[in-house]
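Reading through the structure tokens given below for one structure.
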Protein chains: 2
Amino acid sequence: MSSSRPSTPSSVIRSTADFARHVGLARTTVSRVLNGQPGLKPKTIERVQRALAETGFAPNAHAMHLKGKRTSMIGICMEDLATPPGVRKLAALQRVLRARGFASLIEVFPPGAGREVIRHFLSLRVEAVVFIGHFVQEEVEARIAELTAQGTLHLVIDQFGLRGANTVSLDRAAGMAAVMGHLLDLGHRSFALLGQSKAPVSRYDRLTGIRAALESRGLDFDACTRSLDHLHERRNDFQYGWDLAKRFLALPARPTAFVGYNDEIAIGALRCLQDAGLRVPRDVSLTGFNHQDICLMTEPTLTTVDQNIETTVTTAADWILAHLGQPLRPKPFVRTIEPRLVVGRSTGPAKV
Amino acid sequence: MSSSRPSTPSSVIRSTADFARHVGLARTTVSRVLNGQPGLKPKTIERVQRALAETGFAPNAHAMHLKGKRTSMIGICMEDLATPPGVRKLAALQRVLRARGFASLIEVFPPGAGREVIRHFLSLRVEAVVFIGHFVQEEVEARIAELTAQGTLHLVIDQFGLRGANTVSLDRAAGMAAVMGHLLDLGHRSFALLGQSKAPVSRYDRLTGIRAALESRGLDFDACTRSLDHLHERRNDFQYGWDLAKRFLALPARPTAFVGYNDEIAIGALRCLQDAGLRVPRDVSLTGFNHQDICLMTEPTLTTVDQNIETTVTTAADWILAHLGQPLRPKPFVRTIEPRLVVGRSTGPAKV
DNA sequence: GCTTGACGCGGACACGTGTCCGCGGTCGCG
DNA sequence: CGCGACCGCGGACACGTGTCCGCGTCAAGC
């Protein structure tokens, strides 16, 4: 083995210098080809392109970015990867960004570890950071302040009420108001709220919509609704819906409508109600939220709310892409997305 | 609020040089603190740490990597972000990697665009590339060859039969054999295969397991099974299961057991069967695959196969982390994960 | 007051790339 | 054959960081 080259007979190409040597051109010439600069013979360009395809060489992105080229990386903070609507937003956003040449750096954002994640994003000089989901308010606000201080663009999808945050979010109040309006039209006056008990932080929160719908018809929130969320640890899965429904069935006076926080909770409740011999919607009406595919597969199909995810993500992506290069604006961008009520066969006239 | 430090009115900190100036130390001293080198007064270290927290400065990762520090980035190629088991694997893998200090660069890998994605990963000098899902065989093999040529580690999760590929994958043949054995024990001899018709590329494929289970009892595959997959465009969703079941119900001789490719297809079929007035499992038995949460929420609960995702991901992550720094080995690593049959109430004795 | 050691300073180089610039080789055209 | 245009060459610098090294400073111990 010759010690002149460090044990690389087939010349592992690690830089444009290596690559240029391999092609038989000057490094600067190769660089000019790679960057599409004029003044090169087509034959030379073709020679480089072919060698590029043959060797699979890819110039070091870190060196390029160091030299001032944009990183074309977007950091995405996820609450988790277990919530289907969140994952659908992620998928759609990633697709749009990818089509525009941006890579997505995805991190789940466990409470408390946010600082580290954001620092990592900043260290990699991402061009923007997107938050998808629901986070601890103070923590996100602190992170957003850090990002802004460093001049990095941000956008929050799905969480309202954050100070100084650019936001695109579903108008959940409108969604719940539509659900409640639908149920009120059917004559319902007593409601089991399944998993809805979170203090509203903005006028776009679910509870706000529920209250508004009731009050617009002169009904009292406390008299009409009941929540048993405190009896179980807060979750969002099927079992939680089942557990809550079970509790409600043990009450002396059963509400005529069960209003689920999401489709999973509603389906869990449906299972419980039907196991108890109740007929939906004849005995009890039931609603979900999010309009997942599974809603069509229950018996009966579920009345729910569609998030218009495509609109949300398109709005978000458009805004980010439009503001990428520009200096940050002091006034936050806030946009609400209108939901759409999807009426299934799980809701019917209130049993008198 | 307290503008005690007059030296930072408009100083945007963009480098350790800026930062050192801000702290009032030499750049080299700051660098030594950041890299934990000895020979520094505790007071100095503390001074830097505090300024770091105050300013939110993060050193340029690209420059660090350029200087030889590891990138600590893992590229993950996803078939899509719509398949729940795939997303669950992604989530688990991301969690493990993150705990070990690695960032995940996630890209979905649309057929044909793989070359671009891998080149991007290589350009960013990721330390390994993981494929999750099912891809076009020739394409993945070509990408893996590229990665190997560049000395980059790779691992394929969930796709068998790729030449030269390090692989961790569920033994789907064993899973299907377990399902078929269960149904055969219940007396079933005629099977509707829903969405299973893909030519087996390895001995771990579903059809291989189905054949093996039948032949081990002296039964003929073609005589016992029937597939109508060719009548619809291949999909994996509820509706596809519904459509296929509908077709089977139109046949003169109805199979006694419906074997779904996954839980979605099984649930879609369940809906169709029940809508047609059939009782499951008294009239027809039905099975799924993947053991998603929803399987417990159907009526009846679904007999299905659990993927042991935690084991899969742990195995994958351990192997990757163990082989990160080391030179590539010529002999591919191949590991199968054993599935687990989960018997629900959707399967029962064959109706005679 | 002197010695000594601990500690911070600042210059230097390297990493791989983009870009500028002056030089020289080659080819086409008259 | 001669001239100019074209085009590739190779040196140089910069980007932000890690690291080495020699030097200056300061305080503690005698």
Side-chain angles (χ1 to χ4, degrees), chain A residues 6 8 11-49 51-52 55-73 119-120 122-126 150-151, chain B residues 11-49 51-52 55 57-73 119-120 122-127 150-151:
Chain A
T8 54
S11 73
V12 177
I13 298 175
R14 300 220 142 283
S15 65
T16 44
D18 289 348
F19 180 69
R21 217 169 296 133
H22 178 261
V23 188
L25 288 170
R27 185 182 72 84
T28 50
T29 306
V30 170
S31 180
R32 293 177 63 190
V33 173
L34 293 177
N35 292 283
Q37 292 186 4
L40 294 168
K41 265 196 297 198
K43 196 179 165 187
T44 306
I45 295 177
E46 202 260 350
R47 189 148 62 115
V48 172
Q49 303 284 18
L52 213 55
T55 62
F57 168 69
N60 188 318
H62 303 293
M64 290 166 53
H65 303 151
L66 188 57
K67 199 57 188 71
K69 290 224 159 179
R70 58 194 308 176
T71 58
S72 294
M73 290 168 67
R119 176 148 303 184
H120 188 206
L122 286 173
S123 168
L124 283 166
R125 303 294 191 261
V126 299
Q150 301 290 323
Chain B
S11 65
V12 178
I13 298 176
R14 298 219 140 285
S15 64
T16 43
D18 290 348
F19 180 69
R21 217 170 295 131
H22 176 263
V23 187
L25 288 170
R27 185 182 72 83
T28 50
T29 306
V30 170
S31 180
R32 292 176 65 191
V33 173
L34 293 176
N35 291 282
Q37 291 185 5
L40 293 169
K41 264 197 296 200
K43 195 180 166 187
T44 306
I45 296 177
E46 202 262 348
R47 188 146 64 113
V48 173
Q49 302 286 17
L52 212 56
T55 61
F57 168 69
N60 189 318
H62 303 294
M64 289 165 53
H65 303 151
L66 188 56
K67 198 59 186 69
K69 290 223 161 182
R70 56 194 310 175
T71 58
S72 295
M73 289 168 60
R119 176 148 304 185
H120 189 206
L122 286 173
S123 168
L124 284 166
R125 304 293 191 259
V126 298
E127 301 192 28
Q150 300 292 321

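Letters A, B, ... mirror the listed sequences (proteins, then strands); counts begin at 1.
Judged by closest nucleotide on DNA chain C, B:Arg47 is the one of B:Arg47 and B:Leu66 placed further toward the 5' end. Nearer to the 5' terminus of DNA chain D, by closest-nucleotide assignment, is the contact made by A:Gly24 (compared with the other of A:Ala63 and A:Gly24).
Across the protein-nucleic acid pair, A:Leu124 atom CG and D:dT17 atom C1' stand 14 Å apart, rounded to whole Å. Per the geometry, CZ belonging to B:Arg21 stands 11 Å off P belonging to D:dT17, to the nearest Å. The distance from atom CZ of B:Arg32 to atom C1' of D:dC21 is 11 Å, rounded to the nearest whole Å. Summarising the geometry, the separation between CG on B:Leu25 and P on C:dG10 is reported as 10 Å, rounded to the nearest angstrom. To the nearest angstrom, C1' of D:dC6 lies 15 Å from NZ of A:Lys43. B:Arg14 has its CZ atom 13 Å from the P atom of D:dC15, to the nearest Å. If you take CG of B:Asp18 and P of D:dG16, they are 8 Å apart, rounded to a whole angstrom. To the nearest angstrom, P of D:dT17 lies 11 Å from CG of B:Asn35.
Among C:dC9, D:dG8, C:dT17, the nucleotide with an atom closest to any side-chain atom of B:Ala26 is C:dC9.
If you check every strand for non-hydrogen atoms under 4.0 Å, B:Ser15 touches sugar and phosphate atoms only. Using a 4.0 Å heavy-atom cutoff across all strands shown, A:Lys67 reaches at least one base atom of the nucleic acid. Note on B:Gly36: nothing from the nucleic acid sits closer than 4.0 angstrom, heavy atoms only. The residue B:Leu34 sits apart from the nucleic acid: no heavy atom pair falls under 4.0 Å. At the heavy-atom level, B:Leu40 lies under 4.0 Å from the strands shown only through sugar-phosphate atoms. Within 4.0 Å of B:Thr28, counting heavy atoms only, lies at least one base atom of the nucleic acid. As judged by a 4.0 angstrom heavy-atom cut-off over every strand, B:Thr16 is placed among residues touching the sugar-phosphate backbone only. Heavy atoms of B:Gly68 sit nowhere under 4.0 angstrom from any nucleic acid atom.
Phosphate proximity of D:dT19 to B:Gln37: present, with a side-chain N or O under 4.0 Å from OP1 or OP2. Within the 4.0 Å cut-off from OP1 or OP2 of C:dC9, at least one side-chain nitrogen or oxygen of B:Thr29 is found. At C:dT17, none of the side-chain N or O atoms of A:Asn60 fall inside 4.0 Å of OP1 or OP2 (strictly under the cut-off).
Taking every heavy atom of both residues into account, B:Thr71 and B:Leu124 meet most closely at CG2-O, 3.8 Å. Minimum interatomic distance between B:Arg47 and B:Leu25 (heavy atoms only, all atoms of both residues): NH2-CD2, 3.2 Å. Across all non-hydrogen atoms, the minimal contact from B:Phe57 to A:Arg125 is CE1-NH2, 4.4 Å.
How far OG1 of B:Thr29 is from CZ of B:Arg32: 6.5 Å, rounded to the nearest 0.5 Å. Separating the OG atom in B:Ser72 from the NE2 atom in A:His120 is a distance of 7.0 Å, to the nearest 0.5 Å.
Between A:His65 and B:His62, the ring planes are perpendicular. Angles over 60° get that label, and only those under 30° would be called parallel.
For B:Arg27 against D:dG18, a side-chain-to-base donor-acceptor contact under 3.5 Å is present.
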